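What you see is a predicted model; the values in this text were computed from it and never measured. Order of the sequence lines sets the chain letters (A, B, ...), proteins ahead of strands, with each chain counted from 1.
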Amino acid sequence: CSRWEEEKNEDGVKWMQLEHRGPYFVPPYEPLPKDVHFYYDGKPLKLSLATEEVATFYAKMLDHEYTTKEIFQNNFFHDWRKEMTSEEQEIIKDLDKCDFGEIHKYFVDKNEARKALPKEEKQKLKEEADKIQEEYGYCILDGHREKIGNFKTEPPGLFRGRGEHPKMGMLKKRIMPEDVIINCSKDSKIPKPPEGHKWKEVRFDNTVTWLASWTENIQNTLKYIMLNPSSKLKGEKDWQKYEVARRLKDVVHTIRAQYRKDWKSKEIKKRQRAVALYFIDKLALRAGNEKEEGETADTVGCCSLRVEHIQLHPQLDGQEHVVEFDFLGKDSIRYYNKVSVEKPVFKNLQLFMKNKDPTDDLFDHLNTTFLNKHLQHLMDGLTAKVFRTYNASITLQEQLKALTNPEDNIAGKLLSYNRANRAVAILCNHQRSIPKTFAKSMQVLQEKIDAKKKQVEEAQEEVKKAEDEFKDTKDAKAEANVEKKKKLLKRLEEQLAKMNIQATDKEENKQIALGTSKLNYLDPRITVAWCKKFGIPIERIYNKTQREKFAWAIDMTGEDFEF
DNA sequence: GTCAAGACTTGGAAGAATATTT
DNA sequence: AAATATTCTTCCAAGTCTTGAC
């Protein structure tokens, strides 16, 4: 427990000692074998090394949908040409005349070969990977050996954005030591750059938590090497996050009363803020920062909603004042929802939309800075995202309370947990694409259930038969047989029940992604307390990685914890 | 105050490892 | 033992919010 209770540093100091080996650099490009050809306009063409490398990036992605998109193709071709020699540029002028088929096949085969490797070979590869992990995967932070989250530089390749990203297909350059800034403590063993290279910079900044950083060339933003979630530093931060959310619980009623009042404010700015905050609170929308146009996919959050993203229905399906939301949120995940809102909200929305074009901002007098300033004023540390954390965690707690039946067996209780988890994921709009094999595996499961049902019926008859025989004979052997058959029946019934639960869970879960809420929104102490209260082993809910991440919560939480 | 850069959290997909079935 | 399904891990993009420069 003590590990989580050491006093914390003031004034933004994150550590006193930080020592590490620097990032692990991905191996250099390996040229294609002589017999693997690239063809242009039907004729084999030997490419220069740099050109060939970029060609392999595209070739590897050939059976991915990305490569069918025009933007992807254009961006790729544009960047590829920049890598070409002038002779190659003279020849290769049309992507449609490029044939990467052989290169593609080479990598597919190589992959297969790797999978088919004998056990010992695989073992050897694993040991090599472990050695690298051992060497580069850890650092020393204030005397503790801590796991690093991402200790490898990102390999070069083609940028894959999400959704309709204008930069998809662009060339992501190889990261060299000369691009990398190292951060560590002055008196530590400073990491050595790879032979013949030097770092961009070595700095000693203990007000930040990253160990190394570089600027990536697509969006020109920084990438960092940071600690694993199991580290003390990250764990404490996580804990802190949930403590802020718990403080919101005490003032949320006041805040709700306040924004209701503000719906009628004389200032349009305040009204917009109050309506936006209502959405953020009720629907768990993200804040919605402004984004640079044309640099990323067109996605929005609350403050950046446009008129075209909502439709107002005074009446719909027997409900009043319905707002129909339809927009792309983070990662271009669609948010679609029809919500009956309070009348003043509806009236305000009508007002905000008046005389505007579909592409105009709905909240044209509002941005996240203004909103967060206001929230900060209402509670120390309060920002828009805290509402998501708060509402997610409180929902889990309430749902667990409502759904858990102490009489249920473990499988039943786990189903309840999953359902509570699911309620949160739905609130936060955490979706996944339906797994490719979903329909098939569902069918297989259904067939198993049917077979099991039959078995149960048969076992029932067996029991009856045995009982009849016992009635007739009254002998001990027949009595034992009755017991035996009953036992079998019971076991089969339990198996059937478990399968039914599994099927229900699977069906309800097909389009919902539970991971994100579990990892980022649900105070783990709620889960730990629930497990303790109902005698569920924590491993049934959290796998090893998750237990490491939530070690702080597992350490400190009793069964009576309340969020 | 404004704007861009910086730091850190959150996000689903893909790939790897493991479990289960055939 | 191979094939298939499921779970776990890695990857890296895309958000939020803070900080720093002017």
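Closest to the side chain of Asn289(A), from the set dT10(B), dT16(C), dC8(B), is dT16(C). Residue Tyr521(A) has its side chain nearest to dG11(B) when only dA13(B), dG11(B), dA7(B) are considered.
Between Tyr335(A) and Phe327(A), the angle of the ring planes stays under 30°, which puts this pair in the parallel group of the 30/60° scheme.
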### Message
I'd like to compare against my own output: the B/S/- annotation of nucleotides 9-14 of chain C with a strict under-4.0 Å heavy-atom distance to protein.
### Response
S--SSB

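Of the candidates Lys291(A), Glu164(A), Lys330(A), Arg286(A), Lys291(A) is the only one forming a side-chain hydrogen bond (donor to acceptor under 3.5 Å, both in side chains) with Thr299(A).
Checked by atom type, the side-chain pair Tyr259(A)/Asp281(A) shows a donor-acceptor distance below 3.5 Å.
Using a 4.0 Å cut-off on heavy atoms, the residues of residues 370-391 of chain A that approach DNA chain C are Asn372(A), Thr383(A), Ala384(A), Lys385(A), listed by number. Within residues 410-420 of chain A, no residue places a heavy atom under 4.0 Å from DNA chain B.
Note on Ser433(A): every side-chain N or O is 4.0 Å or more away from OP1 and OP2 of dG12(B).
Of the charged side-chain nitrogens involved, none lies within less than 4.0 Å of a carboxylate oxygen, so that Arg306(A) and Asp361(A) do not count as a salt-bridged pair.
Residues Trp199(A) and Glu178(A) form no side-chain contact, since every pair of their non-hydrogen atoms from C-beta on lies 4.5 Å or further apart.
Within the 4.0 angstrom heavy-atom criterion, no nucleotide atom of any strand lies near Gly301(A).
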